[in-house]
Amino acid sequence: MELFYMMVFGCLGAVVAALELSKSNKDRINTSTVFNSFKNNYLLVYSLMMAGDWLQGPYVYYLYTTYGFGKGEIGQLFIAGFGSSMLFGTIVGSLADKQGRKRACVTYCITYILSCITKHSPEYKVLMLGRVLGGIATSLLFSAFESWLVAEHNKRGFEQQWLSITFSKAIFLGNGLVAIVAGLFGNLLVDTFSLGPVAPFDAASCFLAIGMFIILTTWTENFGDPSESKDLLTQFKGAAIAIASDEKIALLGAIQSLFEGSMYTFVFLWTPALSPNEEEIPHGFIFATFMLASMLGSSVASRLLARGTTKVEAYMQVVFVISSASLLLPIVTNFLVEPSKVKGGSISFAGCIQLLGFCAFEACVGIFWPSVMKMRSQYIPEEARSTIMNFFRIPLNIFVCVVLYNVDAFPITVMFGMCSIFLAVASLLQRRLMVIADKTTKIEVYQMKDPETEPLAIWTLNIKANLLPIQELNPRITNAAATGCDSFTVNLLPFLQCGRRKRADCGI
């Protein structure tokens, strides 16, 4: 293995270790013992679920080739997986909100285990069924678990800021450390023990079964909207109305689709980008390096989220700009570095530059996941959380299916340029989201110069956007709003003195 790969992996590992070991008190959030027990239980389950997912990834394509299927047939199998996630994802998300998130998580385990079992058959129809089941399971993985966590966290009365700890740790472990260990373990099963390409799928089934047992024995059930008055179509309409009526939710969905669409496209493009002339590259080691870069990003995100002064909406704009620039490197090197015409050999100089850029992109991925989870917990209503989150995945899955179907129709530089543009647009939308979030309701407080002559402080409310929450305080505010005033004066001292009591009990 070349020294270059070892140096990149070693540098990333050293930076991750330094960040984790150098955390100060301002980078940590003091929590309770009860919360730590709850968090560790979720992290254990989430890590087992992600282990079941990561073990399969590197060997799906390879398994299909050993059964004698060509590139076109394999492409159809992959499209079936993303298509089923698009078609059935919203339905299972709505069922999770109505029937219970714990049940949905158990359903994920059962569905994915069945998908793994189908890999033992070389029959194309059976494998197609497995891809459909896998697509449904993927929708549940990226909606039901997060929805259960947010609802349970709030139900138990934990502080809202503590939620960011669980998010960042889940990505650090599930999308970083577990991914690396799963890749190495899968390589051990297939190459060292010569158990065949189906062995990682059997191992994944075991991890999923263990996780399902922990869910059944330790988790409690929670719901989005358990009322029997709403059927599935009504839930769909409610979720669609929520997205259409709240620009923040719509923007968040667009941002997520643009970033994840670029991310999944990158998964298909990085191998041909690094080996355009069939250079020999260590795919497994490069994958582990990418996952280490993702761990670096999640470690940075945990620091940013721990500091209340740093807004998610602000720093994510920079993250999207960096990710956009990193995916421009294949285009830049194509123009500035003369491509090698020699077939085979080791990675080229242009490939080395691109690898560094790809590591930067993976670090942005590591920052993205806990940050977008934090924003989803703030903006998506609880009663339809799983449904709305799966609505977000519809344009994502359409995009990935189109890319898969036309992957040979465009040069690789065009594909990277398209992803870079999408990420730049995501940065602009993130800027818009921050502006709207700041403008929702701004209250500027002005106290009179002589407090002794004015014993009752008079406060001025400058309402910049939505007046409805403020109108609930006092009929006088409603009357002022009806006149079309942008600002008006009202005595808020009794409201400020009411402490933790509900506004309805304040008598103002």
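Both backbone and side-chain heavy atoms feed into the values below; hydrogens, waters and symmetry mates do not.
- The nearest pair of heavy atoms linking L55 to P200 is O-CB, 3.5 Å.
- Ring orientation note: the planes of F361 and F266 are tilted relative to one another, at an angle of 30° to 60°.
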Could you list the donor-acceptor pairs under 3.5 angstrom formed between side-chain atoms of residues 74-82 and any protein atom two or more places apart in sequence or on another chain?
residue : atom : partner : partner atom : Å
Q76     : OE1  : Y124    : OH           : 3.1

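- S294 and N175 share no donor-acceptor pair across their side chains, judged by distance under 3.5 Å alone.
- Rounded to the nearest 0.5 angstrom, I249 CD1 and Y379 OH are separated by 10.5 Å.
- Checking side-chain atoms of R385 against main-chain N and O of I380 turns up a donor-acceptor pair under 3.5 Å.
- Residue R431 is tested with L433, L428, V435 for a side-chain contact (heavy atoms from CB on, under 4.5 Å); the sole match is V435.
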### Message
I'd like to know whether S420 forms a side chain to side chain donor-acceptor pair (under 3.5 Å) with S324, so could you lay out the CA-CA distance, the side-chain angles of the two residues, the decisive distance to 0.1 Å, and finally the verdict.
### Response
CA-CA 4 Å; S420 181; S324 177; 2.9 Å; yes
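- Atom SG in C11 sits 11.5 Å away from atom CG in L296 (nearest 0.5 Å).
- To the nearest 0.5 Å, atoms CE (M212) and CD1 (I210) are separated by 10.5 Å.
- Using modelled atom types, no side-chain atom of E20 and backbone atom of S299 make a donor-acceptor pair closer than 3.5 Å.
- A ring-centre distance under 6.0 Å is not found for Y67 and Y62.
- For residues 114-131, no residue pair satisfies the salt bridge (Lys or Arg N to Asp or Glu O under 4.0 Å) rule, not counting sequence neighbours.
- Atom CD1 of I388 is separated from atom OG of S143 by 12.0 Å, given to the nearest 0.5 angstrom.
- For Y112, the side-chain hydrogen bond (donor to acceptor under 3.5 Å, both in side chains) criterion is met by D53, not counting sequence neighbours.
- Donor-acceptor pairing under 3.5 Å is recorded for the side chains of S139 and S85.
- Note that OG of S371 and CG of L305 are 5.0 Å apart. Values are rounded to the nearest 0.5 Å.
- Taking the six-membered ring for Trp and thresholds of 30 and 60 degrees, H153 and F38 have ring planes inclined between 30 and 60 degrees apart.
- Checking R101, K155, R103 one by one against E221, the salt bridge (charged side-chain N to carboxylate O under 4.0 Å, His left out) holds for a single residue, R103.
- Of the candidates F392, F422, F320, W369, F320 is the only one forming a ring pair (Phe, Tyr, Trp, His ring centres under 6.0 Å) with F259.
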